[in-house]
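Inspection log for the structure reproduced underneath, given as structure tokens.
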2 protein chains.
Amino acid sequence: MADQIERYIKRLLEQQEEGVVELRRNDLAKIFQCVPSQINYVLSTRFALEQGYLVESRRGGGGYIRIVKLQMEDDKELRKLIDKTSNNLISQQVGEGLIERLQEEGFLTRREAMLVKAIIRREALPLELPLRDMVRANILKAVLLTLTRDEFNQ
Amino acid sequence: MADQIERYIKRLLEQQEEGVVELRRNDLAKIFQCVPSQINYVLSTRFALEQGYLVESRRGGGGYIRIVKLQMEDDKELRKLIDKTSNNLISQQVGEGLIERLQEEGFLTRREAMLVKAIIRREALPLELPLRDMVRANILKAVLLTLTRDEFNQ
DNA sequence: GGTGAAAGGTCAAATAAAGTCAAAAAGTCA
DNA sequence: TGACTTTTTGACTTTATTTGACCTTTCACC
């Protein structure tokens with residue numbers, strides 16, 4: 001069942017240019033005749049960040065679930081960086097180095113680099129030490145993943 | 001529905017030079033075939049002061065609703081936001097609202113807004129709850145401070 | 001000044017989504 | 001078979017929107 005739903009969503013994603021698909025949790029549950037929370041299970045096990053997907057949603061009337069496929073294959077270099085960043089600790093120094101490199105390679109503009117650098121500074125992350133480097137790594141990973149979004153590069 | 005009404009009003013605001021639009025609650029309700037109080041709902045959730053709008057109205061014969069888009073002229077407004085952000089907790093929702101507003105006001109580009117939004121997402125900040133909102137507030141403060149830097153805008 | 005119609009305002013209930021979490025069931029494998 | 005992992009289910013929670021009954025303000029008119 002979970003596999004079927006996974007395939008279904010992936011098929012939708014392929015059909016859609018853009019790599020974005022938006023759906024109703026309840027509708028999907030009805031199609032597959034399963035409980036709605038089954039959908040959440042599929043999303044969290046098959047469409048997590050690690051697998052190159054981004055899931056956004058909204059509750060209430062007019063609610064939806066949006067699944068975005070990140071284009072990680074396109075760029076081996078980014079892919080490698082993302083892997084290195086995962087489950088890692090990153091110091092401010094190393095982080096700044098990474099950002100500068102991204103800027104030099106044209107992934108980030110001067111302003112974007114400034115913003116991200118400001119965000120990963122010690123002063124902006126009021127946390128004790130192993131934690132701070134962990135959060136910094138996660139922030140940088142979020143940045144790298146964003147770089148692989150089609151919409152980001154338009 | 002609420003989204004449609006929101007878009008409609010924003011379109012009117014853009015067409016109008018001045019950033020002011022005046023309308024009749026009942027007329028609008030009739031256009032969208034909804035109850036009049038729906039309009040109030042949209043106004044209070046989408047055109048609040050925090051979102052950069054001022055709503056004035058008058059009852060009785062010849063009554064009206066006037067919506068004014070407030071301009072964030074200069075750093076003054078940013079400073080105010082920095083103050084509000086300090087020593088505060090900010091949820092993902094509120095944070096996204098703030099970023100969208102900064103984008104609308106031209107302080108952030110579309111890409112910059114995407115980056116910051118990605119960074120303040122729950123998934124990018126693997127922390128327990130009071131802490132997560134605290135770190136998010138600090139990150140947003142760092143962003144606001146960066147916006148006031150001359151080098152950033154040069 | 002009193003009155004009634006014409007606005008708009010408020011608030012709570014009903015409805016419409018989606019999220020969470022843990023127990024039960026099913027599958028896997030030594 | 002027994003232990004472990006994955007999947008399925010459903011009760012409960014949270015959030016967002018829609019709707020309607022009732023309230024307040026303003027104005028025109030007598």
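Quick note on labels: first sequence line is chain A, next is B, and so on, each numbered from 1.
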- Message: Please determine whether a side-chain nitrogen of the Lys or Arg among A:Glu96 and A:Lys117 lies less than 4.0 Å from a carboxylate oxygen of the Asp or Glu.
- Response: no
- Message: When you group the ILVMFWY residues by side-chain heavy-atom contacts below 4.5 Å and let the links chain together, are A:Leu89 and A:Leu98 in the same group?
- Response: yes
- Task: Establish whether A:Leu145 and A:Val68 are linked, either directly or via other cluster members, by ILVMFWY side-chain heavy-atom contacts under 4.5 Å.
- Result: yes
- Task: State whether B:Asn26 places a side-chain N or O below 4.0 Å from either non-bridging phosphate oxygen (OP1 or OP2) of C:dG8.
- Result: yes
- Message: Testing B:Glu18, B:Glu14, B:Glu104, B:Glu17 one by one against B:Lys69 for a salt bridge (charged side-chain N to carboxylate O under 4.0 Å, His left out), which residue passes?
- Response: B:Glu104
- Query: What does A:Ile39 touch in the nucleic acid at a heavy-atom separation under 4.0 angstrom: a base, only the sugar-phosphate, or nothing?
  - Reply: nothing
- From CD of B:Glu22 across to P of C:dG8 the rounded distance in Å is 11 Å
- Close side-chain approach of A:Arg110 and B:Gln154, heavy atoms under 4.5 Å: yes
- Five-pair end axes of the helix from C:dG1-D:dC30 to C:dA30-D:dT1, angle between them (10°): 0°
- Message: Please enumerate all residues that pass side-chain contact (heavy atoms from CB on, under 4.5 Å) together with B:Ala48, with sequence neighbours excluded.
- Response: B:Gln51
- Task: For nucleotides 11-24 of chain D, just jot down a letter per nucleotide in 5' to 3' order: B, S or -, based on protein non-hydrogen atoms under 4.0 Å.
- Result: ---BBBBBBB---B
- Message: With a 4.5 Å cut-off on side-chain heavy-atom distances among I, L, V, M, F, W and Y, is there a chain of contacts connecting A:Tyr41 to A:Phe47?
- Response: no
- Item | Within-4.5 Å side-chain heavy-atom neighbours: A:Leu147 and A:Leu102 | yes
- Task: Answer yes when B:Arg136 and B:Asp133 have at least one side-chain N-carboxylate O distance shorter than 4.0 Å, and no when they do not.
- Result: yes
- Task: Under 4.0 Å between any heavy atoms, over every strand shown, what does A:Asn40 touch: base, sugar-phosphate, or nothing? Just pick one.
- Result: base
- Task: Check the distance between D:dT25's P and B:Ile65's CD1 and give it to me in whole angstrom.
- Result: 16 Å
- Query: Over how many whole Å does the gap from A:Leu43 atom CG to C:dC21 atom C1' extend?
  - Reply: 16 Å
Could you run down the sub-3.5 Å N/O contacts of the protein with nucleotides 23-28 of chain C?
none

- Query: With B:Ala118, which residues qualify under side-chain contact (heavy atoms from CB on, under 4.5 Å), at least two apart?
  - Reply: A:Thr146
- For B:Gly63 and A:Val55, take the nucleotide of DNA chain C holding the closest heavy atom to each; which residue's nucleotide lies nearer the 5' end? B:Gly63
- Rounded to the nearest angstrom, tell me the gap between atom CZ in B:Arg66 and atom C1' in C:dG8. 14 Å
- Between CZ of B:Phe47 and P of C:dG9 the distance, given in whole Å, is 14 Å
- Item | Residues forming a ring-ring contact (aromatic ring centres under 6.0 Å, His included) with B:Phe152, sequence neighbours excluded | none
